[in-house]
Every structure is written in structure tokens, then in C-alpha cells.
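Input: a single structure, listed below in C-alpha cells.
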Number of protein chains: 2
Amino acid sequence: MIDDLLKCDHHGRMPGDQRRAQILQSAFDLFSQKGFSGTTTKDIARRSGVSEAMVFKHFSSKDELYAAILEAKKCSEGLHKYPWESNEPMLAAMEAKDDLGVFYHFARQALEKHQADVAFMRLLFYSALEEHELAERFFGEFVHEIYRFLGNYIAKRQADGAFRKIDPRIVVRSFLGMLLHHSLNNILWDRKRKILDIDNETAAKSFAEMILRGAAAVPFTAAT
Amino acid sequence: MIDDLLKCDHHGRMPGDQRRAQILQSAFDLFSQKGFSGTTTKDIARRSGVSEAMVFKHFSSKDELYAAILEAKKCSEGLHKYPWESNEPMLAAMEAKDDLGVFYHFARQALEKHQADVAFMRLLFYSALEEHELAERFFGEFVHEIYRFLGNYIAKRQADGAFRKIDPRIVVRSFLGMLLHHSLNNILWDRKRKILDIDNETAAKSFAEMILRGAAAVPFTAAT
DNA sequence: GCAGGGTGAGTAAGCACTTACTTAATGCGT
DNA sequence: ACGCATTAAGTAAGTGCTTACTCACCCTGC
């Protein structure tokens with residue numbers, strides 16, 4: 001996640017930066033599993049293979065450790081921050097006004113990301129419930145930008161006459177709802193996929209088609 | 001919630017049942033605010049206006065207190081458990097094969113319930129993250145039943161030729177996604193309604209129309 | 001030889017939970 | 001209507017353990 005080099009379960013000494021990253025990673029794993037108040041600094045130390053004192057040599061408090069995780073995540077996300085960054089197929093579809101393609105590739109990227117980063121999703125949920133200000137800001141900025149970006153595209157396509165008259169933010173909310181709820185089911189409530197077991201491609205395709213039919217001005221006919 | 005009589009901040013003695021209910025309510029409020037491990041038995045006692053020992057006279061452990069909350073909720077929900085119980089307009093719409101009415105009244109009831117019971121929603125989220133077995137069972141049964149009920153209706157309407165060929169569970173997932181995500185925004189991430197501020201009627205209407213256009217066999221035309 | 005990674009053994013406060021005890025209500029026989 | 005036993009509501013002050021956090025002091029590789 002943060003740094004793959006730290007995987008070596010090195011018994012002896014370790015450069016400071018590397019040990020710091022390892023502690024960060026251990027804390028991340030544990031916070032995402034058991035929440036902030038459900039995780040002890042002793043647990044974090046044990047998982048990092050060091051004494052508790054080392055944790056406090058790198059981070060002055062448990063709270064600071066939490067803040068450092070979010071800071072690290074914010075940076076490490078980098079180019080992959082939004083589902084349209086480094087998503088060439090989606091940007092190409094936007095250019096070509098291929099609405100189904102736009103929604104499909106957006107959905108695909110989002111679902112893959114949720115699946116690849118279950119721990120981070122859990123952490124975000126915990127911090128939303130615990131009302132950690134940093135997480136709230138993180139989520140606020142991120143979601144706001146998605147509404148802006150997708151909303152703009154929808155408004156433009158409404159002007160083209162492709163989409164019916166409806167508040168674009170409602171379309172975005174519906175679409176994100178499908179994606180997030182699907183991921184939430186897979187992460188939290190139905191991890192065994194007992195209710196619905198479909199792969200990301202099928203899900204992305206279904207949700208894209210659903211939202212497109214839902215928002216289209218003229219009856220939509222599937223390519224297949 | 002559990003019992004309104006307990007509102008009296010009665011300084012002196014109180015009948016056992018009443019005090020028990022009061023402690024249950026305090027614990028419910030605190031668990032939903034700060035999670036299970038974020039809440040102390042001392043907090044619960046203070047909020048109930050009694051000593052910690054009283055908490056343990058009524059409930060043998062913190063875990064049992066948690067279980068008692070879920071048990072109490074399970075019963076108190078009663079007739080209002082599912083969004084179609086005591087929802088005459090929706091059942092009437094089903095009878096009349098008024099698909100828009102079915103989705104609208106379902107959505108309306110669900111959104112109202114989420115809004116009225118924010119604390120319970122938070123508690124369910126916490127317990128999903130904390131993987132409390134009782135909460136998982138609670139959620140599993142509930143969601144499973146919703147998929148069965150709505151899925152059946154959709155399958156029947158597919159047989160009528162009203163809905164296109166698509167796995168009904170995907171339609172249900174899309175629809176529940178819209179509703180839950182909308183409530184989640186209002187409860188957790190966008191409590192100030194900065195991104196999207198619409199009332200439940202508008203939301204229910206929009207989502208119902210969206211899912212119906214998304215799933216309909218023939219192009220849907222709105223009544224308005 | 002010394003900077004910096006690393007620790008063992010703390011500390012004070014907080015945790016879930018218990019014990020030994022006091023106080024207020026409720027019968028109930030006379 | 002009274003005294004008195006019984007019971008239930010309530011608590012102060014613990015129990016042993018865990019928590020976040022500290023400090024004095026080792027090593028070891030360069």
C-alpha cells in the first residue's frame with residue numbers, strides 16, 4: 001500500500017523512514033479493521049515487530065498517527081485520485097459523446113478501486129461515523145469534485161438534447177448510489193456474495209445502462 | 001424511542017423496568033454516537049443518572065447490553081419493519097400494477113424511516129464495521145427479505161412484459177443504492193445538504209422515475 | 001565513538017466489572 | 001393504623017487489568 005518495500009519482516013534494525021512507514025501501515029490495517037478506539041498502540045507495535053516506545057518515537061500521539069495515515073493516503077493516491085484520472089477510455093468516450101462508455105468506464109474504475117482498497121473504504125466509513133474532521137474534509141472535497149465533474153458532463157449532454165430535463169446532481173447521486181451501495185454490500189454486509197454475485201464488468205455495464213436509460217431523453221437501445 | 005415515559009429526569013428511585021429501559025436508551029444513544037468500543041460503561045451510567053453498578057445490575061456485561069439493544073429494536077420495529085408493511089399506498093399500487101407508484105411509495109417510506117431513525121442507522125453501520133454478529137444477522141435477514149419481495153414484484157412485471165430482460169436483483173441493488181446512498185449523504189457526509197438539498201418527496205419521485213425508466217421494457221413517459 | 005535505532009520497565013489514568021453495604025418502598029399480621 | 005420483616009433500588013469504594021504515553025538506558029553499524 002504505502003510502500004511495498006516494508007514487507008521484509010526484518011528482525012533487526014531498519015532505517016528510520018522505513019520503520020516509520022511500516023508502523024504507519026500497521027496502524028492503517030488495524031484502524032481499518034477495528035476502528036480508532038478499538039485499536040491499541042500495543043497492537044500497532046506488535047504488528048510492526050517493535051516495542052510500543054518506538055511507535056511514540058515516530059508519532060507523538062495516537063491521534064497524530066491517525067492524521068499521518070490520512071496525509072499519506074492523500075499523497076499516495078496521486079494520479080489515481082479521481083475515477084477519470086488515468087482513465088483514457090472514459091476520457092475518449094467523453095470526447096466522442098459516447099454516454100454509455102462514459103458511465104461504464106467510470107463505474108468500472110470506481111468498482112475496481114473499491115475492491116482493491118477495501119481497507120481504505122472501511123477506514124473512511126469509520127472516520128465518517130467517528131466524525132474525524134480530517135476524514136470529513138477528505139470525503140467532502142472528493143465527493144464534491146465528482147459531483148462537479150460528472151454534473152458538468154450531464155449538463156452539457158442535456159444542452160445537446162441527449163439527456164432529459166432533470167437536476168444533474170440527482171443523476172449523479174443515483175449513479176454513485178448504485179456504485180457505492182454495490183461496493184458496500186461486497187465489503188460489509190454480503191461479503192460472501194450470497195445475495196448477488198456478479199463481477200465488476202457486469203456490474204459496471206448494468207449500472208451504466210440503468211443510469212443511461214434513466215436519464216436519456218430518447219428511448220435508449222442497447223448495442224448488444 | 002423505546003419508552004417515552006423515561007424522559008422524566010427523576011432524581012430518586014425508579015421502578016426496575018423503567019430504569020432498565022432508561023439505561024438501554026442511554027446506551028443506544030451513546031453506541032450510535034461513538035461506537036461500541038468508543039463508549040464506556042461509566043458514560044452510560046452518568047447519562048442515566050445512576051452509578052455504574054446499576055448498569056451491571058440490569059445487564060451482566062457491556063456485550064449483553066449491546067445485544068439487548070438489538071433485541072429491543074427488533075421487537076419495537078414491529079409492523080414498521082419493512083417498507084411495505086403499513087404502507088397501504090404501495091400495496092394498492094402493486095395491486096394496480098402501477099409501477100411508478102410502487103417504487104415511489106417504497107422510496108418515500110424508506111427515506112422517511114432513515115431520516116426519523118438516524119441513530120439506529122449509525123448503530124447499524126458501526127456494528128457492520130465492528131462485525132458484531134447480531135447486527136450482521138439483523139442486516140442479513142432484513143436486506144435478504146427486501147431483495148426477495150421487490151425482486152418477486154419485478155419478475156412478475158417482467159413476465160407481464162412491462163420490464164426489460166435483466167436480473168431483478170440488479171434492479172433492486174440499483175434502487176436500494178440510490179435510497180441508501182442518499183440517506184447516507186444526509187446522515188454522514190453532507191449533513192448540511194451542501195451538495196444536494198431536496199426533500200424526501202422530490203427524492204423519492206426522482207429515484208422512482210429513474211429506476212422505472214432504467215428497467216422499463218418500453219420507453220417510459222412521465223405523467224407530468 | 002557516537003548518532004540513532006531500539007528497548008524494559010515503568011506511570012497515572014481509565015477500563016469493565018464486583019463487593020459490601022445503605023436506603024426507600026411494599027406488603028402484612030395484629 | 002401500627003410496627004416490622006422483606007425486598008428491591010441504589011451506591012462508594014474497590015478489584016485486577018489495560019490504556020496511552022515516558023524515560024533512562026542499551027546496542028550496533030558506520
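Between B:His132 and B:Tyr66, the angle of the ring planes stays under 30°, which puts this pair in the parallel group of the 30/60° scheme. Ring planes of A:Phe149 and A:Trp84: parallel class, angle under 30° (limits at 30 and 60°).
In this entry the distance linking NE2 of A:His58 with C1' of C:dT7 reads 13 Å, nearest Å. Rounded to an integer number of Å, the gap from CD of B:Gln18 to P of D:dG10 is 10 Å. Whole-Å rounding puts the B:Phe59 CZ to C:dA16 P distance at 15 Å. As a whole-Å value, the separation of B:Met54 CE from C:dC21 C1' is 15 Å. Rounding to whole angstrom units, CD1 of residue A:Ile23 and C1' of C:dG5 are separated by 11 Å.
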Practice task
Decide yes or no on side-chain contact (heavy atoms from CB on, under 4.5 Å) for B:Ile166 and A:Met210, but give the supporting numbers first.
Solution key: CA-CA 10 Å; B:Ile166 182 178; A:Met210 191 74 78; 3.7 Å; yes
Fill in the blank from the handout: Scoring nucleotides 19-30 of chain D by protein non-hydrogen atoms under 4.0 Å (B base, S sugar-phosphate only, - none) yields SBBBB---BB--
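The two residues A:Phe175 and A:Phe106 come nearest to each other via the heavy atoms CE2-CD2, 3.6 Å.
Looking at B:Gln115, B:His182, B:Arg108 one by one, the single match for side-chain hydrogen bond (donor to acceptor under 3.5 Å, both in side chains) with B:Asn200 turns out to be B:Gln115.
A salt bridge is defined here as a Lys NZ or Arg NE, NH1 or NH2 lying under 4.0 Å from an Asp or Glu carboxylate O, and B:Asp43 with B:Arg46 meets this definition.
For B:Arg19 and D:dA9, the shortest distance from a side-chain N or O to OP1 or OP2 is not below 4.0 Å.
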